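All remarks here apply to the structure that follows.
This one's a predicted model, so the numbers in the text were calculated from it and none came from an experiment. Along the sequence shown, the residues carry numbers beginning at 1.
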Amino acid sequence: MKNQDNPSQETLEKWSKDPDNWIWGIFYYNKEDKRILPPKKNASIGNTINFANRKSILFMIGALLFFAFVIFSILKNK
């Protein structure tokens with residue numbers, strides 16, 4: 001058995017498909033999963049944020065601040 005710092009691909013898929021790791025079916029929350037952007041239940045749709053990982057929350061806040069800055073810059077120059 002591999003340690004939890006480097007889980008197998010099978011474990012990662014199991015975590016993504018486990019309904020207990022999804023709040024209301026849309027918010028992924030798994031403290032064992034260290035990935036910032038794990039795949040959604042249907043991986044072909046894209047990725048989601050692991051709300052149990054602090055780095056994911058900081059990534060999301062950073063992305064929102066970046067887009068707010070871009071919008072602010074565009075509106076300021078009009």
| query | Distance from Ile57 atom CD1 to Ile36 atom CD1, nearest 0.5 Å? | reply | 11.0 Å
| field | Residue pairs fulfilling ring pair (Phe, Tyr, Trp, His ring centres under 6.0 Å) with at least one residue in residues 49-78, sequence neighbours excluded | value | Phe27-Phe51
| side chain to side chain donor-acceptor pair (under 3.5 Å) partners of residues 49-73, not counting sequence neighbours, each pair once | none
| request: Not counting sequence neighbours, which residues clear side chain to side chain contact (heavy atoms under 4.5 Å, CB included) with Leu64? List them please. | output: Met60
| query | Can you name the side chain to side chain contact (heavy atoms under 4.5 Å, CB included) partners of Leu65, sequence neighbours left out? | reply | Ile61
| Ile71: hydrophobic cluster co-members (side-chain, 4.5 Å) | Leu75
| field | Set of residues satisfying side-chain hydrogen bond (donor to acceptor under 3.5 Å, both in side chains) with respect to Asn30, sequence neighbours excluded | value | Tyr28
| query | Do Ile49 and Ile23 belong to the same hydrophobic cluster, where Ile, Leu, Val, Met, Phe, Trp and Tyr are linked whenever their side-chain heavy atoms lie under 4.5 Å apart, directly or via other members? | reply | yes
| request: Indicate, with yes or no, if Trp15 and Trp24 share a hydrophobic cluster defined by side-chain heavy-atom contacts under 4.5 Å among Ile, Leu, Val, Met, Phe, Trp and Tyr. | output: no
